[in-house]
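Each chain gets a letter, A, B and so on, in the order its sequence line appears, and its residues count up from 1.
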Amino acid sequence: MAERRYDPQEIEPRWQAVWAEEHTWEVSNDPVPGEASSATSYVLEMLPYPSGEPHIGHLKKYAVGDAIAHFHRRTGHRVLHPMGYDAFGLPAENHAIKTGVHPRESIASSIASFQRQFRSWGISIDWSREFGTHEPSYYRWTQWIFLELYKAGLAYRREAAVKWCPHDQTVLANEQVIDGCCERCGAVVEVKQLEQWFFRITDYAERLLGDLDGIAWPEHVKTMQRNWIGRSEGAEVTFRCEQLGIDYPVFTTRPDTLFGATFFVMAPEHPDVGRLVAGTPQEQAVRDYVNQALTESGAERGSLDKPKTGVALGRTVTNPVNGEQIPMYVADYVLMEYGTGAIMAVPGHDERDYAFARAYSLPIRRVIEGPPTLSEDGGDAQGLPYTGDGLLVNSRPDFDGMGNREALRAIVQWLDREGKGHASVNYRLRDWLISRQRYWGCPIPIVYCEHCGLQPVPAEQLPVVLPDIEDYAPHGRSPLAAAEDWVATECPSCGGPARRETDTMDTFVDSSWYFLRYCDARNDEAAWSPEALRQWMPVDQYIGGVEHAILHLMYARFFTKALADLGQLDFQEPFSALFTQGMVTKDGAKMSKSKGNVVSPASIVERYGADTARCYILFVGPPDQDADWSDEGVEGVHRFLSRLWRLAAETAERGGADPLASVGAFGEVGALQGDDLELVRKAHWAIEKVSEDMRRFGFNTAIAAVMELLNDCSRMREQLSVETLRFGLATAASLLFPFAPHVCSDIYELLTGERVWEQPWPQADPEMLERDEYELVCQVNGKLRDRVQASSDAGEEELKALCLAAPNVLTHIEGREIVKEIVVPGRLVNLVVR
RNA sequence: GCGGGCGUGGUGGAAUUGGUAGACACGCUGGCCUUAGGAGCCAGUGGGCUUUUGCCCAUGGGGGUUCGAGUCCCUCCGCCCGCACCA
């Protein structure tokens, strides 16, 4: 028998060629007659940003997604499993600024590299639907969606205090500001007043929150979204500045403490601050304070231990519940972005207001009774500030003595009757700022006409194609502004001279609908056909990193809901189920070039093959958890695949390919005996185990089960009939195929002459899972004392007797009285003795 | 501060509803084979005691519920993630 060697470099390209030539993983949109909607499945990994080469995180994401796609296919589904590229965005543009190479070129070479490697990984992609979001045939429809949202009033333009990154010279979304710094470059973010485009995502806050209940997402992701939406119930209450005759509504979650309001605070960004102090002695001091607060970074301003600061405005407002005149202040602890940018301050029952009142010697009034003075640390002798529940005091006779929660409702009703306020709900979520003063993005399809003003580009004129330019560097305005020939255009309404919008869209817009386009990627007439969406959407299983738990996943949900409202689709949630894979680290640290701990998938694939790389990354631990890369671990998995392939090749040589092995047609259990029966049973155990593990993403334990099966095949190889051995190995290959498609295709063909991906997923025979005998655990007082063989159909009395006869049980019950017997058939007997 | 998660051998990790703790793998030790081994095969491997049978201890610490707890409850410690002056 010739020495056979497992050679992934030969095996893998051979099978990849078969799949490419036969277009094996392509699916048609034509409905299959009589096909139930449950017979199709849409498996999708978050689309990659093509920068350089794929990294190990991509390998993990696609190893997970491909395993699920294969499992769905072989359990009777027609599976859509597409691929594309999120190709607009800053990295390519920054590269262009540095090197002068057009982003289109650098992105094209990155995409080529991703394509090459994805093919070398053997992932089962329907390549006929591939696209990049930077292609005009795609972003034409991004622009179309923008116009649809614009027509519906969901896209709008306004001047706003926006977050500005001085390094990238662009506006950022709130979501892209991390600890007051730019998410991308880490520069400290500034605030600027600019005209910007927004999407009205806040209109959807309630639905984005409520519909989380109906989707199969990890609980922590839902929690993050809930926190981000930040729903608060309370009341809007109007405080009037009599001197200027202006009403100032404020939002409060604690209307029960209204009688304790002793001052009033506005955010430095509040547009009325200047007006309130104009011509007063305070004017200069307020102006200085505001300027200082505005130039301060978010991080400095938000720092918790920073002492409270502010300046009096020299004005008062009327507290609507008691008519008191309370002084107005401007202070940077009040945020313009939340509520109305102004607050009523209740120092007795709010820690921040308390700190401010102490710093500026303002009155502090208790209006809710708390437990008798226990405050030994921060608070004062009366136990203030007190934020807990209690009875109202110092309020109004009809509210005093009421529990504060009850009083809250009563006070809101009373305010409502008096026209001084009303119940209100506030959200932390803010509208999505999508303008970017950048070149490499989707142009916003809007023109500005001298006569007609702002005009949307008519849909039939789309796409507004991104022009080529020379200088990519931002200078505080979009680089597109320099493309004069492009900017100067005609007004679609009057035909007069007009100028194009020169900002581009946030790249998160591009990725908020790509999953819809895959359903109908070659449609030139529309973004999609309703039939195509009906065929595939919503996505049955979405896979990606937790880093997108808020941004991308919230935006995609918003787009889906908005498009549903516009009649463009008929479902409310884009991703029915979500799986978030954990990070791959090296030596416990995130891989990065600067740390020099990067493991490149290409080098692993070159050395061990894609099957080893994919299996290892799934075997190392539960896929939703972080995993640390270990070179020794890779070796171990490679040894396993080598052993599997070698034993299969040897076994195949002992007899020709036998289609029966694929079916496992062994007839009755009784026809088998001894080791043959034991191995067939082991194979069925593995089928059961792997099938169950696939459903719960337990890929590490699924692979371990196949390892056990192989170990048994290997251990008993001399004793087993060649048919049994062939069945065991073919089963192993069939079960491992979703993780190691090349080597398993090879093995399966050697053993059976058939193509494993065309075979239905194996079914465990219940009769094979049952055993005649099992090992009965015998316990005394809950401690394991012996094990005996018990017949599977033995009754409780029989099991008890077996246990009582077990030698080591006898030594432990000798001379003692049995007071209780617990019998768990199929498992154990526990004797309680005294 | 609030919210979520986690803590098991030398290592990564197993342990469906409370029922044999440590599957599978890495590493290590010994052996076989070999001119050679960073190949392959076999055996061993939580700690302690014991000649073996076996006994005791052990899932971050402490307490509880239970015939029985890695799993449930309370409490403390440690680590990770998200949000964070959101009124």
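- A/S232 comes within 4.0 angstrom of sugar-phosphate atoms only, judged by non-hydrogen atoms across all strands, and of no base.
- Among the protein residues, A/H812 comes within range of the sugar-phosphate backbone only, with heavy atoms under 4.0 Å from sugar or phosphate atoms but none that close to a base.
- Separating the CG atom of A/N781 from the P atom of B/rC67 is a distance of 11 Å, rounded to the nearest angstrom.
- A donor-acceptor pair shorter than 3.5 Å cannot be found between the side chains of A/S232 and A/N426.
- Partner assigned to B/rC79 is B/rG5, using Watson-Crick or G-U wobble distances below 3.5 angstrom.
- When heavy atoms are screened at a 4.0 angstrom cut-off, A/V819 is found touching no nucleic acid atom at all.
- Summarising the base pairing, B/rC32 is matched to B/rG40 through a Watson-Crick or G-U wobble pair whose two defining distances lie under 3.5 Å.
- Nucleotide B/rU17 forms no Watson-Crick or G-U wobble pair with any nucleotide shown, as no partner meets the under 3.5 Å limit on both distances.
- Comparing B/rU59 with B/rG9, their P atoms are spaced 9 Å from each other, to the whole Å.
- Note on A/T252: only backbone sugar-phosphate atoms sit closer than 4.0 angstrom, heavy atoms only; bases stay farther off.
- Between A/F263 and A/Y360, a ring centre-to-centre spacing not shorter than 6.0 Å is recorded.
- Proximity of residues 632-645 of chain A to RNA chain B (heavy atom under 4.0 angstrom from any strand atom) is restricted to A/E632, A/G636, A/R639, A/R643.
- No engagement by A/P807 is indicated, since no non-hydrogen atom pair under 4.0 Å with the nucleic acid exists.
- Figure legend. B/rU52 is base-paired to no nucleotide; pairs are counted as Watson-Crick or G-U wobble with both atom distances under 3.5 Å.
- Both distances falling under 3.5 Å, in either a Watson-Crick or a G-U wobble arrangement, occur for no nucleotide opposite B/rU59.
- With a 3.5 Å ceiling on both atom-pair distances, the Watson-Crick or G-U wobble partner of B/rU45 is B/rG27.
- Per the geometry, CG belonging to A/D624 stands 10 Å off P belonging to B/rC6, to the nearest Å.
- If you measure from atom CZ of A/R254 to atom P of B/rA87, you get 11 Å, rounded to the nearest angstrom.
- Looking at heavy-atom distances under 4.0 Å, A/R696 makes contact with sugar-phosphate atoms alone, never a base.
- Pair assignment for B/rA87: none, as no Watson-Crick or G-U wobble contacts are both less than 3.5 Å.
- A cation-pi arrangement, defined by a distance under 6.0 Å to the six-membered ring centre and an angle within 45 degrees of its axis, is present between A/K308 and A/Y333.
- Residue A/V832 is in sugar-phosphate contact alone, with no base atom involved, counting any heavy-atom pair closer than 4.0 Å across all strands shown.
- Look at the P atom in both B/rG5 and B/rC74: the space between them is 14 Å, to the nearest Å.
- Whole-Å rounding puts the A/Y329 OH to B/rC85 C1' distance at 18 Å.
- The existence of a salt bridge linking A/D624 and A/R696 is excluded, since no basic side-chain nitrogen approaches an acidic carboxylate oxygen closer than 4.0 Å.
- Residue A/N830 is classed as a base contact, given a heavy-atom separation below 4.0 Å to a base.
- Here A/D353 lies out of heavy-atom contact (under 4.0 Å) with every strand.
- A/D786 and A/N808 share no donor-acceptor pair across their side chains, judged by distance under 3.5 Å alone.
- Minimum interatomic distance between A/N597 and A/A589 (heavy atoms only, all atoms of both residues): ND2-O, 3.7 Å.
- The residue among A/E688 and A/D626 whose nearest nucleotide of RNA chain B is located toward the 5' end is A/D626.
- No side-chain donor from either of A/T238 and A/D247 sits under 3.5 Å from a side-chain acceptor of the other.
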